[in-house]
Student: 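One structure is given below, represented as structure tokens, and several questions about it will come after.
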Amino acid sequence: MSRKNNLANFLTRPAHEVAPDLLGCIIERRVGVRVLRGKIVETEAYDQTDAASHSYGGETPRTQVMFGPPGYLYIYFTYGMHYCCNIVVGEIGNGAAVLIRAIEPLKGIDFMKQRRGRAGVELTNGPAKLCQALAINKEQNGVDLSDGEVRLVINKSGAPAETVTTTRIGISRNVDMPWRFYIKDSPFVSR
DNA sequence: AGCGGGATTTTCT
DNA sequence: GAAAATCCCGCTT
């Protein structure tokens, strides 16, 4: 089976099921000849039934890719200066995505330090921080994660990490939904 | 360690 | 016109 179909199968499920399974998976970013890599350690699920989701209430120009096929990047701009990175999941026509809130840097750490002007956990322990570290912005909106400048690599091997399930951060509606997931004890989880 | 406010602009009502 | 899936800095304990 092709990589693309593999990825599509993995992602064609409800966001709150995919989100915990993305923990431990690898994000790979190509910037020219350079390769940056990180392990996903924190995610949040959003879907169309969810008042906290950008897709709530239907498709808009901004959320178009959320309603498209799974396996693509949905990037949004917020607070006048930050980008956040989501993986589109679920069936075509359903506005669902998983927000990547934190990663653990694995490769290209010097590049990330330069981009961030910081080091250690401060490189990538937040959704906008990791976008800055990985040089992700609006130009990556709609990128194909199976074969683009940002790739998602499913990690099936190794013992499953211990996962914590809790409520989401930074939202004002539907605040009690336990759709935030992170790897217990990872120092790279956001605050 | 914890709180409070400012930055800055897109997006939708 | 208001809010926003955030981050950073400075001030106070």
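Just so we're on the same page: letters track the sequence lines, and every chain starts at 1. Note that the structure is a prediction, hence the values are computed from the model and not measured.
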Student: Please determine if a side-chain N or O atom of A/Thr78 lies less than 4.0 Å away from the OP1 or OP2 oxygen of C/dT6.
Tutor: no

Student: Kindly point out which of C/dT6, B/dT9, C/dC8 is positioned nearest to the side chain of A/Arg116?
Tutor: C/dC8

Student: Taking the side chain of A/Phe77 as heavy atoms from C-beta outward, which of C/dC7, B/dT9, C/dA4 is closest to it?
Tutor: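 Among the listed nucleotides, the one closest to the side chain of A/Phe77 is B/dT9.
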
Student: Under 4.0 Å between a side-chain nitrogen and a carboxylate oxygen: does that hold for A/Asp21 and A/Arg13?
Tutor: yes

Student: Considering heavy-atom distances to DNA chain C, does A/Gln132 or A/Ala97 have its closest nucleotide positioned more toward the 5' end?
Tutor: A/Ala97

Student: Out of C/dC8, C/dA5, C/dT6, which has the shortest distance to the side chain of A/His82?
Tutor: C/dT6

Student: It should be established whether A/His54 places a side-chain nitrogen or oxygen under 4.0 Å from OP1 or OP2 of nucleotide C/dA5.
Tutor: yes

Student: For A/Glu162, I'd like to know if atom CD has over 12 heavy atoms of other residues, nucleotides or ligands within 6.0 Å.
Tutor: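 12 or below, so no.
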
Student: Going through the distances and angles, do A/Arg34 and A/Phe111 end up as a side-chain contact (heavy atoms from CB on, under 4.5 Å)?
Tutor: CA-CA 9 Å; A/Arg34 200 184 299 266; A/Phe111 181 87; 3.3 Å; yes

Student: Apply side-chain contact (heavy atoms from CB on, under 4.5 Å) to residues A/Tyr74 and A/Thr63 and explain how you reach the verdict.
Tutor: CA-CA 8 Å; A/Tyr74 165 53; A/Thr63 59; 3.9 Å; yes

Student: DNA chain B: A/Pro61 or A/Tyr79, which has the more 5' nearest nucleotide?
Tutor: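 Closest to the 5' end, via its nearest nucleotide, is A/Tyr79.
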
Student: Please confirm whether any donor atom in the side chain of A/Tyr76 sits under 3.5 Å from an acceptor in the base of C/dA4, or the reverse.
Tutor: no

Student: Can you tell me the Watson-Crick or wobble partner of C/dT6, both distances under 3.5 angstrom?
Tutor: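 B/dA7 is the nucleotide pairing with C/dT6.
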
Student: Once you apply a heavy-atom cut-off of 4.0 Å, does A/Arg191 come out as touching a base, just sugar-phosphate, or nothing?
Tutor: nothing

Student: Can you tell me the distance, in whole Å, between the CD atom of A/Glu122 and the C1' atom of C/dT6?
Tutor: 13 Å

Student: Using whole Å, what does the distance between atom C1' of nucleotide C/dT6 and atom CZ of A/Arg101 come to?
Tutor: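 The answer, rounded to whole Å, is 8 Å.
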
Student: B/dT10, OP1 or OP2 - any side-chain N/O from A/Lys138 closer than 4.0 Å?
Tutor: no

Student: Does CD belonging to A/Glu17 count more than 12 external heavy atoms closer than 6.0 Å?
Tutor: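 For A/Glu17, atom CD is crowded (more than 12 foreign heavy atoms under 6.0 Å).
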
Student: Determine the contact category for A/Ser190: base if any of its heavy atoms lies under 4.0 Å from a base atom, sugar-phosphate if only primed atoms, P, OP1 or OP2 are that close, otherwise nothing.
Tutor: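 If one applies the 4.0 Å heavy-atom cut-off, A/Ser190 turns out to touch nothing in the nucleic acid.
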
Student: Rounding to a whole Å, what distance do you find between A/Tyr182:OH and C/dA5:P?
Tutor: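 In whole Å, C/dA5 P and A/Tyr182 OH are 21 Å from each other.
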
Student: Could you check whether A/Ala52 gets within reach of a base, just the sugar-phosphate, or nothing at all, counting any heavy atom under 4.0 Å?
Tutor: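 The answer is base, as A/Ala52 lies within the cut-off (heavy atoms under 4.0 Å) of a base atom.
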
Student: Among the nucleotides C/dT6, B/dT10, C/dC8, which one has an atom lying closest to any side-chain atom of A/Pro127?
Tutor: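 Closest nucleotide among those given: C/dT6.
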
Student: Let me know the distance between CD1 of A/Ile100 and P of C/dT6, rounded to the nearest Å.
Tutor: 14 Å

Student: Base, sugar-phosphate or nothing for A/Ile171? Non-hydrogen atoms, less than 4.0 Å.
Tutor: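 Here A/Ile171 touches the backbone only, sparing every base.
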
Student: May I have the distance from A/Ile75 (atom CD1) to B/dT10 (atom C1'), rounded to whole angstrom?
Tutor: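 My rounded result for the distance is 15 Å.
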
Student: Within this structure, what is the CZ-to-C1' distance between A/Arg62 and C/dA3, rounded to whole angstrom?
Tutor: 11 Å

Student: Between B/dG5 atom C1' and A/Met81 atom CE, what is the distance in whole Å?
Tutor: 12 Å

Student: Let me know the distance between CG of A/Asn137 and P of B/dT10, rounded to the nearest Å.
Tutor: 13 Å

Student: Pick base, sugar-phosphate or nothing for A/Arg118, based on heavy-atom distances below 4.0 Å to the nucleic acid.
Tutor: sugar-phosphate

Student: Counting any heavy atom closer than 4.0 Å, what does A/Arg168 reach on the DNA or RNA strands: base, sugar-phosphate only, or nothing?
Tutor: nothing

Student: Go through it in stages, so that I can follow the logic: the residues are A/Ile87 and A/Leu152, the test is side-chain contact (heavy atoms from CB on, under 4.5 Å), and I'd like the CA-CA distance, side-chain angles, deciding distance and then a yes or no.
Tutor: CA-CA 9 Å; A/Ile87 293 172; A/Leu152 173 67; 3.9 Å; yes

